[in-house]
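Following: one structure in structure tokens, then a few remarks.
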Amino acid sequence: DTCMTDLSTLPERFNGKSYAASLSKFKSPSTHYINGSAVPESYYEAIRRNIANAEVSSDMPLKYGFATRYTVMKAYPYSDYLSDAAGDPEWDDFAGSGVLCNEPLAIYFLTADKKFAYVRSSICSGWVPYSDIAVCSGKSEWEYAKPNGKILVVTGNRVYLEPSSADDELSEKLLTMGTVLKLIIPEDPDARLINRAPWNNYVVSMPGRRTDGSYYEKRAMIPMNRDVHQGYLDFTQAGIITQAFKCLGDRYGWGGMLKSPDCSAYALNVYRCFGLNIPRNTTWQSLMPVRVDDIGGLAGEAKVNAIKSAPMGSILQFNGHEMIYLGESEGRLYTINDVSSIKNPSTDDGSVLRVRGVIVNDLLTLRMSGHTWLDDMNKIIVPTGGEYNLILSDGTWVYLNAESVITYPQKFVGEKREVTLEGEAYFQVTASKERPFVVKTKDMDVLVTGTEFNVKAYPDESNVQTTLLRGKVAVFAGIDKKEK
């Protein structure tokens, strides 16, 4: 389960009493701190009461709205930073995810004090400050206001609107990478907007919030010199790397705190610029229906070769952390990633280096366990639209196309070398007359000894195609046998 949700398909009514009862019964965390002082049990009891005493009924309508600014979704409705270390004032263990300005939300109910709302975004659910949400009059208004059609995508790490004394809400408003806004073509390009003509500016629709919390459309201007793009960026390896480097040196923010992403949100925001909305955390991302290669059982040269064959811009993971692959230089494998801490490379005492920022590093970087990142690497993820290259244990090269899956053993044993393909791949097979190479698809098998060929066998296409570039193949389809 990737926990991705199409908000438009959620049930439009729900049992609020059941939600409130369930959410108020959370177990108190282990010892945490606020500004260095241990959090008392009474703190959590107050949170539970705030949820349990909410004005809810057993049959409530789901509401819809937008985040009016960058905000943070948390596991519980509270405003402080709850740190697991007394000396760390910049950590909030229960921050869950940054919510971008103009991000659509499904809204369930408010706490008793009306300060927090329990919401769901397309990637997760949790509590956000109610003051950061504008609630639409109904689903139809929400659907209309969503950024469909002509859009403007924020492609810079941080983009600020111009200062204004005429509109405090829009003055110097922060827009972070991946924010998507509806692009407006003004009927009168000379008409004043926020007290000035919008010449050389993009005009966009943004969510406004009335004092009662209701939504209305606000129009804003973004200077054309800002790092924004009309429509999504073209999905290329160079584009992914370019976006990733725009954040180099930016700070790390666990769960979106401090208006900053953590490791998985960093990759998420980069990919949002291309119109790809991927899951929120490392575990959910590894369950995407795209090319996900499990390399946890590989070691040494086999693991290095698996990573080297991945395209730049792929997501690499070990448990609890992920990074964007950059490629090889002088025998070292490099990544760019948003990391909290590593083992200090400048000392021998095993001390922690608190990085908390976007860095470039090689995979020989040490974890606190003493393992290198390469040692613990266990996943390669190639999002939809990418390609994947790998070297099998016999030296055969495979170039896998987008939305394709190949199943193969870590090491070939027996009289045949068999792989199973769903999708499209190009093979350069290592010659071996004694051990033929077999590609199995839904409708046919391709048998070779040493050759170059392409197989196309997508599950939603009726035909399976084999294209021979060099050598000889035997194709078995049902009871028929054909040679080329």
Side-chain angles (χ1 to χ4, degrees), residues 64-72 98-105 121-122 128-129 131-137 141-234 239 242-243 246-247 250 256 258-261 269-270 272-275 277:
Y64 304 88
F66 298 91
T68 58
R69 60 173 61 86
Y70 181 97
T71 190
V72 177
V99 181
L100 309 190
C101 179
N102 203 45
E103 189 163 345
L105 299 170
S121 72
S122 64
V128 299
S131 58
D132 292 343
I133 299 174
V135 183
C136 293
S137 59
E141 181 182 48
W142 177 73
E143 292 282 10
Y144 176 79
K146 285 196 294 186
N148 300 312
K150 293 183 178 180
I151 59 172
L152 192 72
V153 181
V154 176
T155 48
N157 58 339
R158 289 183 175 89
V159 168
Y160 292 90
L161 302 189
E162 288 290 273
S164 171
S165 59
D167 192 322
D168 291 338
E169 187 178 349
L170 293 179
S171 181
E172 300 181 276
K173 180 183 282 290
L174 169 66
L175 304 175
T176 53
M177 181 178 284
T179 299
V180 181
L181 304 168
K182 182 182 288 188
L183 188 61
I184 304 295
I185 307 301
E187 294 179 1
D188 181 358
D190 296 332
R192 280 191 290 181
L193 178 63
I194 317 178
N195 204 39
R196 64 192 184 100
W199 285 20
N200 302 114
N201 277 255
Y202 296 109
V203 178
V204 294
S205 172
M206 299 190 71
R209 186 180 193 274
R210 299 186 180 94
T211 54
D212 63 357
S214 61
Y215 165 89
Y216 70 98
E217 183 193 62
K218 286 181 73 75
R219 293 194 174 184
M221 296 185 294
I222 300 179
M224 290 182 175
N225 62 27
R226 298 295 196 266
D227 193 345
V228 295
H229 190 268
Q230 293 189 58
Y232 292 113
L233 297 172
D234 291 335
T242 298
Q243 289 305 109
K246 290 178 181 179
C247 304
D250 285 356
L258 299 170
K259 300 179 181 178
S260 302
N269 291 342
V270 166
R272 275 173 161 162
C273 297
F274 304 93
N277 194 27

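Positions are given from 1, in the same order as the sequence printed here.
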Indicate the atoms forming the closest heavy-atom contact of D190 with A197, along with that distance.
O-CB, 4.0 Å
Y215 side chain near I133 side chain, heavy-atom distance below 4.5 Å:
no
Steps toward side chain to side chain contact (heavy atoms under 4.5 Å, CB included) verdict (D132, Y70)
CA-CA 8 Å; D132 292 343; Y70 181 97; over 6 Å; no
Donor on one side chain, acceptor on other, S260 and R158, under 3.5 Å
yes
Run the side-chain donor-acceptor check on residues 173-183: report pairs under 3.5 Å with partners two or more places apart or on a different chain.
| unit_1 | atom_1 | unit_2 | atom_2 | d |
| --- | --- | --- | --- | --- |
| K173 | NZ | T68 | O | 2.8 |
| T179 | OG1 | T176 | O | 2.7 |
| K182 | NZ | Y144 | O | 2.6 |

Gap separating the CZ atom of F274 from the OG1 atom of T155, nearest 0.5 angstrom
9.0 Å
Count the heavy atoms belonging to other residues, nucleotides or ligands that lie under 6.0 Å from CG of N200, then report whether that count exceeds 12.
no
Going by salt bridge (charged side-chain N to carboxylate O under 4.0 Å, His left out), name the pairs with one or both residues in residues 202-224, residues two or more places apart or in two chains.
D167-K218, E217-R219
What's the separation between atom CE in M206 and atom CD1 in I222, rounded to the nearest 0.5 Å?
6.5 Å
Heavy-atom nearest pair, C273 first then V154, reads SG-O, 3.8 Å
I need the R226 CZ to Y160 OH distance, nearest 0.5 Å.
11.0 Å
How long is the span from the CD atom in Q243 to the CG atom in L233, to the nearest 0.5 Å?
5.0 Å
I194 to A220 - nearest heavy-atom pair and separation:
CD1-CA, 4.1 Å
More than 12 heavy atoms of other residues, nucleotides or ligands under 6.0 Å from NZ of K259: is that the case?
no
Is the backbone N or O of S164 less than 3.5 Å from a side-chain atom of S171, with the two atoms forming a donor-acceptor pair by type?
yes
Smallest heavy-atom separation, P186 atom then V203 atom, equals CG-CG2, 3.6 Å
Point-to-point distance, once rounded to the nearest 0.5 Å, from CE of M221 to OH of Y202
14.5 Å
Check step by step if side chain to side chain contact (heavy atoms under 4.5 Å, CB included) holds for N277 and S122.
CA-CA 9 Å; N277 194 27; S122 64; 2.8 Å; yes
Side-chain contact, heavy-atom cut-off 4.5 Å: N201 with P223?
yes
Look at the side chain of E141 and the backbone N and O of S137, then say whether any donor-acceptor pair between them is shorter than 3.5 Å.
yes
Show the nearest heavy-atom pair for residues A191 and P198, with the distance to one decimal.
O-CD, 3.3 Å
Which pair of heavy atoms, one from N102 and one from F66, lies closest together, and at what distance?
O-CD2, 3.5 Å
Between the CG atom in L170 and the CD atom in E162, the distance rounded to the nearest 0.5 Å is 12.0 Å
